[in-house]
2 protein chains.
Amino acid sequence: MSRAGLSPEVVTTVAADLADEVGFAQVTLSAIARRVGVRLPSLYSHVAGSEDLRVRVTLLALEELTTAGEQALAGRSGREALRAFADLHRTYAAQHPGRYEAAGSLRVPASPEAARLAERMGGLTDAVLDGYAVPPEERVHAVRVVGSLLRGFIQLEAGGAFEHSRPSGEESWHRALDALDALLGSWPG
Amino acid sequence: MSRAGLSPEVVTTVAADLADEVGFAQVTLSAIARRVGVRLPSLYSHVAGSEDLRVRVTLLALEELTTAGEQALAGRSGREALRAFADLHRTYAAQHPGRYEAAGSLRVPASPEAARLAERMGGLTDAVLDGYAVPPEERVHAVRVVGSLLRGFIQLEAGGAFEHSRPSGEESWHRALDALDALLGSWPG
DNA sequence: TACGTTGCCTAATACCCTTAGGCAAGTCGT
DNA sequence: ACGACTTGCCTAAGGGTATTAGGCAACGTA
């Protein structure tokens, strides 16, 4: 009986891929075991259980998004940075719906890894805002508004809210980004 | 053996209450059966199954939100209407997290009831925008941006994103509404 | 090569969801 | 008021997922 060569990372990646295919909520240990060719209980050698696996997928997605964000923002600022950051998230959500869903779940337990990620994500939002003249004490609010709009739009679009009405989401997306740019350009109003 | 006096409406309401207490994803037919004092299979006389129940809870939440919206918006327009509409959703989400989660699930199957709700919800957003001079062909985009920001903010707040950082979400909420008001007041740019 | 570690297995338990079939409590026609 | 029909609730049974316990064999290492 040869071994399957599993590891926490492999199991997590398979789970993330499965989430992209059938939805994060439909990810099941049974399905993963079938896919990698082992019996269900064998997975417990690599992950602590169903909930642990969900957290791992969430952290994986956040890490991928953050890394991609750091690359996308390199050398950009202001409107350019905002657009790159926003488009990155929208594209990631479209290509990896399950991962994005996981990333949006929030509520990961505190851990060194989670803290490091939060730090890096903070750096990203700082980089975006650095191109705008938002007063220091207003930055928190600006970050929250930007995050809210992006997240809300992407989720509505992913949920099919714009599917059966004209015009397409694409045009609204550009309006939303223009609105955000104008907003940040004249913050706080 | 006396009867429990159940009905689709009662089961749905119990499910919604349970969702508010433990989260929409944790709502289970077993738990509902225990709560109303019947055996699990008895519920199948009232709902078609687990998925059917979820849809019913979603429609219940959307209906409650819409009805409350119609009352909150009566006699208001412009900034007043926007604020009433936004605060209503935020308050509803805080008081009925499970219901709000259900309402945000989207993707309810097409039905006469769903169509009626969509119609009424469209009327609400129209009422909010009527106080602003948004060009007719731009209304769709404005509605989407407003919806995205509100939804995103409320979800981030519900997910605890603002919990461990100052200032509180309350202040950011006011900034967000001011930003939306300014945005709609000078749409498209 | 012998040893300890560990990856994977079978077995067993505990939910949850769903369908089938039966009984009796309501409801309705006469 | 009585019988017949409808239906709300029940038990029984089967299938899926999650988790734990305990065993065996494949690997890394002395």
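Letters A, B, ... mirror the listed sequences (proteins, then strands); counts begin at 1.
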Cation-pi check for B:Phe24 against B:Arg54: NZ or CZ below 6.0 Å from the six-membered ring centre and within 45 degrees of the axis, yes or no?
yes
Do the side chain of B:Ser42 and the main chain of B:Arg39 share a donor and acceptor less than 3.5 angstrom apart?
yes
In this structure, how many angstroms lie between the C1' atom of D:dC27 and the CZ atom of A:Arg3, rounded?
5 Å
Specify the residues of residues 29-57 of chain B, ordered by number, for which at least one heavy atom lies under 4.0 angstrom from an atom of DNA chain D.
B:Val38, B:Arg39, B:Pro41, B:Ser42, B:Ser45, B:His46
If the cut-off is 4.0 Å, is B:Thr28 near the phosphate of C:dC15, judged by side-chain N/O to OP1 or OP2?
no
Protein-nucleotide distance (B:Leu6, atom CG; D:dC10, atom P), rounded to Å
9 Å
Residues B:Arg83 and B:Asp178 bridged, charged N to O under 4.0 Å
no
Quick one: is the NZ or CZ of A:Arg144 closer than 6.0 Å to the six-membered ring centre of B:Phe162, and within 45° of its axis?
yes
Between A:Thr125 and A:Gly122, is there a donor-acceptor pair closer than 3.5 Å when you use the side chain of the first and the backbone of the second?
yes
